[in-house]
Amino acid sequence: MSDEFATAQIEPPDTHFVSAAEGWLELGAPAEASSELSNLSPRAREHPDALQLRWAIHAANEDWSTALEVAEQLVTNAPGVSAGWIHRAYATRRNTDGSLEAAWLALYPAAKLFPKEPIIPYNLACYACQMGRLQESKAWLNRALKIPANRNERIMIKKMALADSDLEVLWGEIERL
């Protein structure tokens, strides 16, 4: 499939099932969200929005193996949707046979594909830091902080970094940024 699929709209009644699933997830009820998604038409089940919801359901249940499968499907169906790449790396790290290095390798190509998406270099900074590659981690974090066009977004990323245990070893330096 191509990224054209990513721009196609989900049509009613599928839009109602997607909205209901989002609501159930917000309420912390992934089983109910999954039930809503089971009502989708076959085409809508493959839509990036539906796949992202399926990923979120499996992530909420800490079913990282299935979450990884869904993220792989999202990257395949819509390679131009950055969330697929981010979700794939996140699930790769947490999967039973996953690792930080595997997560890094899963996300690294996305840095070139999505140069204006700060969460990608941010997550690469986290992975690098956890692997003990502190200089590389700082470079990725600086890159993440330079992407947002406005000061408020940069402040939010900095606050997120100062609360992220993956970056704890760098908190002193991050405070001075």
Side-chain angles (χ1 to χ4, degrees), residues 2-3 5-7 18 22 25-26 28 30 47-64 67-177:
S2 69
D3 281 329
F5 189 67
T7 60
V18 166
E22 288 171 339
L25 271 176
E26 288 175 13
H47 192 277
D49 293 347
L51 291 172
Q52 287 187 68
L53 282 168
R54 281 185 44 216
W55 183 89
I57 290 165
H58 294 296
N61 290 326
E62 297 185 7
D63 178 1
W64 298 114
L68 179 56
E69 291 173 14
V70 173
E72 289 283 3
Q73 187 178 3
L74 181 54
V75 169
T76 299
N77 287 8
V81 175
S82 63
W85 295 82
I86 295 164
H87 294 334
R88 181 175 68 174
Y90 195 88
T92 296
R93 177 180 181 179
R94 286 154 183 81
N95 195 21
T96 305
D97 60 349
S99 67
L100 288 162
E101 185 68 28
W104 169 273
L105 292 172
L107 187 58
Y108 183 77
K112 286 185 180 178
L113 294 171
F114 306 99
K116 297 193 184 292
E117 177 59 60
I119 197 67
I120 292 170
Y122 178 89
N123 283 357
L124 289 169
C126 291
Y127 299 151
C129 190
Q130 287 299 295
M131 291 186 289
R133 299 178 348 209
L134 301 184
Q135 288 305 107
E136 190 173 2
S137 177
K138 287 186 251 182
W140 282 109
L141 186 58
N142 279 324
R143 184 171 170 182
L145 288 166
K146 289 179 182 174
I147 292 172
N150 69 59
R151 178 173 157 70
N152 289 338
E153 288 180 46
R154 285 190 291 279
I155 290 169
M156 285 177 43
I157 292 171
K158 183 176 176 181
K159 284 182 179 181
M160 187 168 66
L162 288 168
D164 194 326
S165 62
D166 280 351
L167 298 169
E168 185 173 4
V169 70
L170 296 177
W171 283 352
E173 293 182 53
I174 294 168
E175 286 177 345
R176 293 188 291 274
L177 292 176

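With hydrogens and angles ignored, the 3.5 Å screen pairs no side-chain donor or acceptor of R154 with any backbone N or O of K146. S165 places no side-chain N or O within 3.5 Å of a backbone atom of E168 that could act as its donor or acceptor partner. Using modelled atom types, one side-chain atom of S137 and one backbone atom of A125 make a donor-acceptor pair closer than 3.5 Å.
Within the 4.5 Å cutoff, the side chain of I119 has heavy atoms near those of the M160 side chain. The side-chain heavy atoms of W104 and R133, taken from C-beta on, include a pair separated by under 4.5 Å. No side-chain heavy atom of R88 sits under 4.5 Å from any side-chain heavy atom of L74. The side-chain heavy atoms of C129 and D166, taken from C-beta on, include no pair separated by under 4.5 Å. Side-chain atoms of I147 and E117, non-hydrogen and from C-beta on, never get closer than 4.5 Å to each other. Side-chain contact between H87 and W85: absent, with no pair of heavy atoms (C-beta onward) separated by less than 4.5 Å. For the pair Y108 and L105, the minimum side-chain heavy-atom distance is 4.5 Å or more. Residues N142 and L177 have side chains in contact (heavy-atom distance under 4.5 Å, counting atoms from C-beta outward).
Annotation: M156, atom CE; neighbour count of heavy atoms from other residues, nucleotides and ligands within 6.0 Å does not exceed 12.
The distance from the CG atom of L124 to the CG atom of L107 is 4.5 Å, given to the nearest 0.5 Å. Considering CG of L145 and NZ of K138, their distance stands at 13.5 Å, rounded to 0.5 Å. Rounding to the nearest 0.5 Å places OG of S99 at 12.5 Å from CD of Q130.
With 3.5 Å as the limit, one finds a donor-acceptor pair spanning the side chains of N95 and D97.
Of the charged side-chain nitrogens involved, none lies within less than 4.0 Å of a carboxylate oxygen, so that R93 and E101 do not count as a salt-bridged pair.
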Worksheet item: Hey, mind stepping through Y90 and W64 against ring-ring contact (aromatic ring centres under 6.0 Å, His included) and telling me if it holds?
Response: CA-CA 9 Å; Y90 195 88; W64 298 114; 5.6 Å; yes
